[in-house]
Q: 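Let me begin by handing over the structure; questions about it come next.
Note that the structure is predicted; figures quoted are calculated from it, not measured. Residue numbering restarts at 1 for every chain, and letters A, B, ... go by the order of the sequence lines. The basis for the numbers below is simple: all heavy atoms, side chains too, and nothing from hydrogens, waters or symmetry mates.
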Amino acid sequence: MQQLQCIFLLSESSGEVMVEKQTTGHHVDRSICAWFWHQYNHHRNNDQMSVVTSPTHYLFPLIRHGIIFLACTQLELPPLLPIEFLSRFADILSDYLCAGSGAGATLNEDIVKDNFVIVYEVLDEMMDNGFPLTTEPNLLKDIVLPPNLVTKVLHAVTGNSSPSVGPTLPHAAASTVPWRSTHPKTTTNEVYVNLVEQLDASVNRDGNLRRCQVYGEIQVNSSLPGFPDLTLSFTNPSLLNDVRFHPCVRFRPWESSQVLSFVPPDGHFKLMTYRVKELKKIPIYVKPQLTSDSGNCRISALVGVRNDPGKTIDSIIVEFQLPPCITSADLTSNHGTVDILADKTCRWSIGQIPKDKLPSLSGNLVLEPGLDRLHVAPTFQVRFKIMGIAMSGLQIDKLDVKNMPANPYKGFRAQTQAGDYEFRS
Amino acid sequence: MAPPVSTPKSASPSQPSGKSEVTDLKLQLRHLAGSRAPGADDAKRDLFKRVISCMTVGIDVSPAFSEMVMCSATSDVVLKKMCYLYVGNYARCNPDLALLTINFLQKDCHDQDPTIRGLALRSLCSLRVQNLVEYLVAPLAAGLKDHSSYVRTVAAIGVLKLYHISATMCHDSDFPAALKALMLSDPDAQVVANCLYSLLEIWTQDAANSDEAAREIEALYGKSIIYYLLNRIKDFSEWAQCLVLDLVSKYIPSDNNEIFDMMNLLEDRLQHANGAVVLATIKVFLHLTMSMTDVHQQVYERIKAPLLTLVGAGSPEQSYAVLCHLHLLVMRAPMLFSSDYKHFYCQFSDPSYVKKLKLEMLTAIANESNTYEIVTELCEYAGNVDVPIAQESIRAVGKIALQQYDVNAIVDRLLQFLEMEKDYVTAETLVLVKDLLRKYPQWSHDCIAVVGNISSNSIQEPKAKAALIWMLGEYSQDMMDAPYVLESLVENWEEEHSPEVRLHLLTAVMKCFFKRAPETQKALGAALAAGLADNNQDVHDRALFYYRLLQYDVAVAERVVNPPKQAVSVFADTQSSEIKDRIFDEFNSLSVVYQKPSYLFTDKEHRGPFEFSEDLSNLAIGGDSGDDVIHSAQRYEENDKDLLLSTSDKEENGGPTHNGSSTYSAPSDVNSSTSLVSSSTTQPAAFAIDDLLGLGVLDTPVLPPPPALSLNAKPVLDPGTFQKKWGQLTVSSSQESTLSIQGVASLTAPQSLIKHMQNNSIQCIASGGQPPNYKFFFFAQKEGSSSFFLVECIVNTASAKAQIKIKADDASASDAFASLFQSALSNFGSS
């Protein structure tokens, strides 16, 4: 049976149990958390597995924002079910608890502790008898109001009516599209489409591009009244290697003419994720060089733009791990700052590449006594952000909105950031 | 407010004011109980929140139960929810007090608001108190007919909860039939899914004891229901889709057209945003096309892209689980993935368990077209900061070389590794060069030249040292200083801690002696002397053996120790293909993540805790089940010990050699294997030892032929007596027996075996389990006597093994009965 027997929320820093939710008649003792916490700390520095076997249960840990979401079961089940469920749960909690506290706020221990009643309420609706039930944010919000609204309503109405539910219960049955609530809500009549791409690339020792691919997401923030019907088309859909859709996307139009036709949920959602493989061009390069001799290692690295994307490359950071056999390092750069962190990670924050010179880093590494040459080669990882362009070259052609009384405002954005972007030396 | 002064003894370090806090809360709750003041709800909310937070921290707040119930009369939904949560948590330990809550829960079940009705019903079913089940039936029946789909979804699961508390009550109220009707007619997909979920569990568990339930289960897997569900698949929530897809994967279509129709219908599920749905769909596809080889291959092509995206785009947790499935597929059909090798390149930021899987896949998919690229990539990892991965990469290069593609270039690469002068790289490479030489003796010249330059002092790793010594012995004719290197190694005999190395040293010196006798004689003498004085039995024996062999005839010794060798063509695979197939059958399950079929890592209690525990509680009508509790507690303890063992083991062997094995071995694995061994050795071992001691067959009295034992055809024993007897008697015989292939094939449901045993006058009193594991309790009675035989029989259809425990009133007849039982069991399926 596909059944999770218990869900715990632990603090990643202290192991404290913040939430315990038993879902079935089988009671899972919370001592399992202590066991897991011990294991977790024991392995923290090397590896974490996605499924952990305890003496009595299988544990599925998911770590987000300093919180360990831990699902326990004794039964064989599809491994992705608990993992997907927990990550959905984490997303929904973030949405619930952080939406009101301004942009950029993320979930943390304190927020969970302050709002544990909401956490219980949400979890109760998301799962019954260990089987996932309602995980659509829109539906959940009809059943359990987000905390900021609760408090708002509480202040407005002085506690004499039940604030967290309306008299009627909008539900999947009431609407043909379960992800869209039938509540008439005040809307601003606008829709934003955001292309977010993550560029993975690795370049080997000889400077050859070993592989390069893009994982992209189309994020939509819709705030449209009524029952809008949207069609999004691309100028070059043949670029896409593999696509996955939000349940709202109709499959047939995509099959026949590669357009996305859908009735959007309210608010933020991921319309589509896609993958583009075998890209040939990368926007930025690093040329590392290491030469070692009699206990010393000269290191130098150059960073430059290749295949200029036409937009500014921002927040460039180059990082590499100093091998354990290095006792001291003396590094300087002609642009940006160089820090060596406690775990021997060397971080070179460049920001933007200046017009007049190429940023370069150079310095000397002192090896452990007894070692003559450096045998291990550090990998240089690069992070950056490019606003206004999708590096895969995917372009949105147009967005049609039907079923609407007034023409809504439509906004488009694109951005690319580095994922696993690495240069070996 | 100031905390009230507490008695000093109540405070424990982790919960400083636990007890006083509870008393304080109780007091305040009592004040508010009857209050209808305007701010009362707010105050209650605060208090409830504190109670719940105490509960969460682990403080026992059950003493406040009655106060909480008194405060629960409220119209505030949040308050209600907190109260339900509290009640649900403590009702089981306070069954009497739980009765207090029934009243307000039942009242809430008739509330105007469907949310409240649903909530109340869910909480009511979650109380799980045996003697309150009668109060459940009416609200559940009403809930199933409620006009709000929300309440119906809750009620559908509620029936399952009721079933777990009291199966008879559930059946008496005819709930399964009602659920089935609802499943086939409800407009709301979630209601349908929940009904399906409950029915599956109820009937699967009943199937052991009731033919009707077994028929119903079959009907669920039948064409009409599968089609009904498939046609609505898009209406279901993603989780319900997983459930339905799992059901579909067990359906056997009648012809190929049906298969294609189903695949067309489900194809878009591969593009679902939820990875669990994608994997469930893939499982359906793979299973549907098992019999059609070319379509099966096309399916691989089709599922490749979604799997690769899932691996790359998901969170690390998701990506690992998917990668394991991909790993399974790659290992099954490496050639289909050979052009995708770049996807399996390791990223610096990948955790090392992911890198390990990727390395294995790279090794598997290497062929003529991509070997150069892959090996080039692997060689870069050898300089990796992560030592285990560097070692693993070198091993991978070696394995690819053994696969015979482009050996030339690879040998060069391996030899370059030796020049890197890093101890662990050298060690790992030496082992590989040894394997390579065993397969391609023609490379000996190049390899020996490089290996000869390696100083044996720089190698600590026993495996590598043994490899080097082996090469020194094997190729002593080509290595100028081989005898002298060996001699110096023999001189340091005392400092060599590994028996493996000492064994190899003995053999190498022998081989060297046959080729270059004059130079080696001294070393040989020293080695044999040291070997004879060695503490290790194996080393001692081998030295003695060589010594005597040499004394007997040197030529014979040479033929024995250094015969002409044939190149090894294939090295033994570690995982048998049968196991791989079984894991493949269990696609989309934990087996894949563990890379072990489930019968190897799930032990009894994990396989079906409900089935077996329910069994025992059914049995425990009159008798006490304390015995079983102790048993299981012990088992847990054993598990604990195993776990300790395996972790400490890991620390000791934390070094390179054991990094190959999975970091988290399922502890139950150890447990089950030992139990197998112990049960199978009990009796045969006794005979074997007799023989060894030379007592011979003549000395032992010939076993008297077992007295013919006839059994009462219609014995009567009620479960209570069975349980009592089972508790009192000791195990008189415990055996393992093998089932025939036909027997395993016909054991699709427990009934078949039960009927078969009935024909042999052995009655079943309880049974349970799911494929591949079944558990039966049988009993039989000796004809014309009151003595009973009780049997616990655990059958694993996967391994075709049955473990039998027999307890008998008359222990002297138990052997006869055991053989009777065994023969009945082994006849199963052939009649």
Q: With the side chain counted from C-beta on, respond yes when F348(B) and R424(A) share a heavy-atom pair under 4.5 Å apart, and no when they do not.
A: no

Q: Salt bridge check: are K161(B) and D128(A) linked by an N-O gap of less than 4.0 Å?
A: yes

Q: Which atoms of S319(B) are under 4.5 Å from chain A, going by heavy atoms: the side chain, the backbone, both sets, or neither?
A: neither

Q: Give, as side chain, backbone, both or neither, the part of L86(A) having an atom under 4.5 angstrom from any heavy atom of chain B.
A: neither

Q: Working to the nearest 0.5 Å, report the span between CG of N129(A) and OG of S126(B).
A: 7.5 Å

Q: According to side chain to side chain donor-acceptor pair (under 3.5 Å), who are the partners of R383(A), at least two apart in sequence or on a separate chain?
A: E319(A)

Q: Less than 4.5 Å apart, side chain to side chain, heavy atoms only: is that true for E136(A) and E238(B)?
A: yes

Q: With only heavy atoms counted, which part of K113(A) is less than 4.5 Å from chain B, the side chain, the backbone, both or neither?
A: neither

Q: Which bit of E373(B) is near chain A, if near means a heavy-atom gap under 4.5 Å: side chain, backbone, both or neither?
A: both

Q: Are L80(A) and V277(B) packed together at the side-chain level, in the sense that at least one heavy-atom pair is separated by less than 4.5 angstrom?
A: no

Q: Is it true that R122(B) and D124(A) have a side-chain N and a carboxylate O under 4.0 angstrom from each other?
A: yes

Q: Quick test of your reading of the model: are R210(A) and E380(B) salt-bridged, counting only N-O distances below 4.0 Å?
A: no

Q: Side chains of E125(A) and Y150(B): donor-acceptor distance under 3.5 Å anywhere?
A: yes

Q: Within the 4.5 Å heavy-atom criterion, are F251(A) and Q271(B) side-chain neighbours or not?
A: yes

Q: With no hydrogens and no angle check, is any side-chain donor or acceptor of E84(A) less than 3.5 Å from a backbone partner on N274(B)?
A: no

Q: Please flag which part of I52(B) lies under 4.5 Å from any non-hydrogen atom of chain A: side chain, backbone, both or neither.
A: both

Q: Measuring only between side-chain heavy atoms, which start at C-beta, is R211(A) closer than 4.5 Å to Q347(B)?
A: yes

Q: Top residue by heavy-atom pair count (under 4.5 Å) with chain B, among E217(A), E255(A), R205(A)?
A: R205(A)

Q: Picking from V117(A), T23(A), T273(A), V17(A), which has the most non-hydrogen pairs under 4.5 angstrom with chain B?
A: V117(A)

Q: Which atoms of L119(B) are under 4.5 Å from chain A, going by heavy atoms: the side chain, the backbone, both sets, or neither?
A: side chain

Q: Are the side chains of L308(B) and D242(A) in touch, meaning some heavy atoms are under 4.5 Å apart?
A: no

Q: Rounded to the nearest 0.5 Å, how far apart are OG1 of T376(B) and CG of N204(A)?
A: 8.5 Å

Q: Counting heavy-atom pairs under 4.5 Å with chain B, which one of E16(A), K21(A), R30(A) comes out on top?
A: R30(A)

Q: For the CZ atom of F85(A) and the SG atom of C242(B), what is their distance to the nearest 0.5 Å?
A: 12.5 Å

Q: I want to check something: taking the side chain as every heavy atom from C-beta on, are L279(B) and P78(A) in contact at a cut-off of under 4.5 Å?
A: no

Q: Who among A390(B), A273(B), P187(B) has the most heavy-atom pairs with chain A under 4.5 Å?
A: A273(B)

Q: Could you tell me which non-hydrogen atom of F116(A) sits nearest to which non-hydrogen atom of S53(B), and how far apart they are?
A: CZ-CB, 3.3 Å

Q: Which region of T309(B), side chain (C-beta onward) or backbone (N, CA, C, O), has a non-hydrogen atom less than 4.5 Å from a non-hydrogen atom of chain A, or is it both or neither?
A: both

Q: Looking at every heavy atom in both Q318(B) and S87(A), which two are closest together, and how far apart are they?
A: NE2-OG, 3.6 Å

Q: Return the option, out of K270(A), R88(A), Q198(A), with the maximum number of heavy-atom pairs under 4.5 Å with chain B.
A: R88(A)

Q: Check each atom of P306(B) against the heavy atoms of chain A and say whether the ones under 4.5 Å are side chain, backbone, both or neither.
A: both

Q: Could you tell me which of K234(B), M82(B), E377(B) has the largest number of non-hydrogen atom pairs under 4.5 Å with chain A?
A: E377(B)

Q: Which bit of M18(A) is near chain B, if near means a heavy-atom gap under 4.5 Å: side chain, backbone, both or neither?
A: backbone

Q: Compare all side-chain heavy atoms of W254(A) with those of D268(B) and state whether any distance is below 4.5 angstrom.
A: no

Q: So what's closer than 4.5 Å to chain A heavy atoms on K342(B): side chain, backbone, both or neither?
A: both

Q: Determine whether W239(B) and L81(A) satisfy the following criterion, side chain to side chain contact (heavy atoms under 4.5 Å, CB included), listing intermediate values before the conclusion.
A: CA-CA 8 Å; W239(B) 316 106; L81(A) 190 98; 3.8 Å; yes

